[in-house]
Amino acid sequence: MAICRACTPARRPLNRTAMTIRVRFAPSPTGRIHIGNARTAILNWLFARKAGGEFILRFDDTDRARSRAEFADGISEDLAWLGIAPDIVQHQSKRFALYDAAAEQLKDGGRLYACYETPDELERKRKRQLARGKPPVYDRAGLNLSDEDRAKLEAEGRTPHWRFKLSARAVVFDDLVRGEQSFDLTSVSDPVLIRGDGSYLYTLPSVVDDMDMGVSHVIRGEDHVTNAAVQVDLFEALGGTAPAFAHHSLLTGADGKGLSKRLGSLSIEALRAAGLEAMAVVSHAALVGTSDAIVPHHDMGGLIDSFDLGKLSRAPARFDEAELANLNARLLHETPYSEIAGRLAALGCDAGEAFWLVARQNISKLADISQWHEVTYGEIDPVIAADDLAFVTGAVDALPDGAFDETTWKTWTSAVKESSGRKGKALFMPLRLALTGLDHGPELARLLPLIGRDRAIERLTTGSG
RNA sequence: GCCCCCAUCGUCUAGUGGCCUAGGACGCCGGCCUCUCACGCCGGAAACAGGGGUUCGAGUCCCCUUGGGGGCGCCA
């Protein structure tokens, strides 16, 4: 009998409140996360926070050979840096009893069956089907094996892998990003749930945990859409109900090609090491591919307020590092002193609000601030061209009396202009070069008071001695 | 090979048959801010992939082509 979702009795073996919104981010700790994974995590986080729900970080570490604790720790660090603080952290490697029980339940119900083909044999079957223009769907040979067949195969030394028998029906679900999705399960291979070595593939643990943990919404990349149909069938075979699904499109590189090749440089770890602001990364990841303008956010608040899965485009979006860099600079340019003082101090560059406000406009990464700190307060090499020596020396005498303030520059350069007859670039550039050693930099009107009279005189007279 | 999704300025997008002379944001270009690089402000250039339909009327609906993404694993 075909299973009808609508008339399946509501059997929820979960002691969870039905209405609780709960999402999960389930990375496998076989490496660090990259911008694509992080985007999924951020989307989940924003959704959970907006709904007042919970965010589960669930490590998919059932593959003991490839999973490593340090990667799990690294991923936790990456998320923390991004501002994501999971409400619950779980490790699937500690939950095998649940998966074993579910597997038994499926075997008892005739939904999990043993198969004995080797990977090679399966590959040949697929090739043959493809050659004949047929879809490479598993032929269910394992399902038709008799007890004697199995005994014989095992006597040959073969150990079975186990497949889930999909029901013969179309699965329909309403994807929160993609709309109604319909999949004919007869055109999909029965998924292998348990490997020949007895280990679990991701499908069963994922479904079992989503049920057990009361996950209400599964938000993930569109590379999982077909899996969703299979999982709906599994959820129901296990006596549960599938959560709501939302499959967002994937990111491509700036060239429009898949992101997969350059994941190393796009790891969160690498972006952080490159000196980018976490909120620049978060802002970009949260807004790219949506109808909202990609603007810097200083905290999650605004992002949470405007978050809506419906704003996500179904088309792939490009991740452009140049745009991220630009966003990072814009974020810094508008960052108030109070928000950054602690980090300036950590860099040894906390010289007060006035310094930050003038210097921030000339940085694209926070670390760039040290250059301006040095230019303002440290030792520099004044640049005074031979042609400008007399001019610069003369300018020293024109320095106004009294404490320097933001009017000093104007007063001073006006006087120098008067006495020297110079104007424009010829007037200002030699002064900038002498005062900062550079032909570019923050506004001198605001920088000069910070440099102060003593340092200014010292720099202006350096080349003359 | 087959299946699914997508297709508007360089990029992210608004657009749900007349409100579109196609809007916004970033970027780009120009101007201004008595100097530079920036910041800021003002202004400008910039797109409906192509071809067929349907319709009085199509960016908007349908088909084909092209292009991009995803899937068809004892990966996740």
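Just so it is clear, the structure is predicted and the values come from calculations on it, not from any experiment. Basis for what follows: all heavy atoms, side chains included, without hydrogens, waters or symmetry-related copies. Lettering of chains follows the sequences in order, A, B, ..., and the numbering in each one begins at 1.
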- State whether the number of non-hydrogen atoms from other residues, nucleotides or ligands found under 6.0 Å of A:K311 atom NZ is greater than 12. yes
Interatomic distance, [X] [atom1] vs [N] [atom2] [rounded to whole Å]:
X: A:F173; N: B:rC5; atom1: CZ; atom2: C1'; value: 12 Å
X: A:Y138; N: B:rC2; atom1: OH; atom2: P; value: 25 Å
X: A:D308; N: B:rC12; atom1: CG; atom2: P; value: 20 Å
X: A:E323; N: B:rU11; atom1: CD; atom2: P; value: 11 Å
X: A:N326; N: B:rG10; atom1: CG; atom2: P; value: 18 Å
X: A:L332; N: B:rA38; atom1: CG; atom2: C1'; value: 13 Å
X: A:W372; N: B:rC39; atom1: CH2; atom2: P; value: 13 Å
X: A:L435; N: B:rC35; atom1: CG; atom2: C1'; value: 13 Å

Determine the contact category for [X]: base if any of its heavy atoms lies under 4.0 Å from a base atom, sugar-phosphate if only primed atoms, P, OP1 or OP2 are that close, otherwise nothing.
X: A:Q181; value: nothing
X: A:S313; value: sugar-phosphate
X: A:H247; value: nothing
X: A:N227; value: base
X: A:H161; value: base
X: A:L438; value: nothing
X: A:G289; value: sugar-phosphate
X: A:D320; value: nothing
X: A:G441; value: base
X: A:P136; value: base
X: A:R66; value: sugar-phosphate
X: A:R178; value: sugar-phosphate
X: A:K417; value: base
X: A:S414; value: base

Whole-angstrom distance between [N] and [M], as gauged at atom [atom1]:
N: B:rU21; M: B:rC48; atom1: C1'; answer: 14 Å
N: B:rC74; M: B:rC28; atom1: P; answer: 49 Å
N: B:rG51; M: B:rC9; atom1: P; answer: 16 Å
N: B:rA49; M: B:rA7; atom1: C1'; answer: 7 Å
N: B:rC6; M: B:rC62; atom1: P; answer: 10 Å
N: B:rG43; M: B:rU16; atom1: C1'; answer: 33 Å

- With nearest nucleotides of RNA chain B determined for A:L250 and A:L444 from heavy-atom distances, which residue corresponds to the more 5′ nucleotide?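 Going by which nucleotide is closer to the 5' end, it is A:L444.
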Only pairs with both distances under 3.5 Å count, Watson-Crick or wobble alike; so what is the partner of [N] in this structure?
N: B:rG57; value: none
N: B:rC72; value: B:rG1
N: B:rA38; value: none
N: B:rG67; value: B:rC6
N: B:rC28; value: B:rG44
N: B:rA22; value: none

Could you tell me whether the side chain of [X] has a donor or acceptor atom within less than 3.5 Å of a complementary atom in the base of [N]?
X: A:K410; N: B:rU34; answer: yes
X: A:D63; N: B:rA76; answer: no
X: A:R432; N: B:rU36; answer: yes

- Task: Determine, for A:F391 and A:R422, whether the Lys NZ or Arg CZ falls below 6.0 Å from the six-membered ring centre while staying within 45 degrees of the axis.
- Result: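 Yes, A:R422 and A:F391 form such a contact.
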Where the side chain of [X] is defined as all heavy atoms beyond and including C-beta, which of [options] is the nearest nucleotide?
X: A:E222; options: B:rG70, B:rC75, B:rA38; value: B:rG70
X: A:H440; options: B:rG73, B:rC37, B:rA76; value: B:rC37
X: A:L130; options: B:rG1, B:rC12, B:rA7; value: B:rG1
X: A:V295; options: B:rA38, B:rA7, B:rA25; value: B:rA25
X: A:F428; options: B:rU34, B:rC35, B:rG69; value: B:rC35
X: A:L201; options: B:rC74, B:rC35, B:rG27; value: B:rC74
X: A:H333; options: B:rG68, B:rA38, B:rA7; value: B:rA38
X: A:S291; options: B:rA7, B:rU11, B:rA14; value: B:rA14
X: A:N362; options: B:rA38, B:rG1, B:rG27; value: B:rA38
X: A:A317; options: B:rU13, B:rG73, B:rA76; value: B:rU13

- Task: For A:H333, enumerate each residue passing the side-chain hydrogen bond (donor to acceptor under 3.5 Å, both in side chains) test, keeping only those at least two apart in sequence or located in another chain.
- Result: none
NZ/NE/NH1/NH2 to OD/OE distance under 4.0 Å, [X] and [Y]:
X: A:E123; Y: A:K127; value: yes
X: A:E117; Y: A:R124; value: no
X: A:R111; Y: A:D233; value: yes

- Message: Under a 3.5 Å threshold, yes or no: a donor from one side chain and an acceptor from the other, between A:Y113 and A:D190?
- Response: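 Present: a donor and an acceptor within the cut-off.
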- Message: Quick one about A:R22 and A:H217 (side-chain donor to acceptor, distance below 3.5 Å, no hydrogens or angles considered), yes or no?
- Response: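 Note: A:H217 and A:R22 side chains miss the donor-acceptor criterion.
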- Using the six-membered ring wherever Trp is involved, compare the ring planes of A:Y200 and A:Y99 and label them parallel, tilted or perpendicular (cut-offs 30° and 60°). perpendicular
- Return the orientation label for the A:F183 and A:F173 ring planes: parallel under 30°, perpendicular over 60°, tilted otherwise.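 Plane angle under 30°, so parallel.
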OP1 or OP2 of [N] sitting under 4.0 Å from any side-chain N/O of [X]?
X: A:R195; N: B:rC75; answer: yes
X: A:R163; N: B:rC74; answer: yes
X: A:S189; N: B:rG73; answer: yes
X: A:R314; N: B:rC5; answer: no
X: A:K257; N: B:rG68; answer: yes

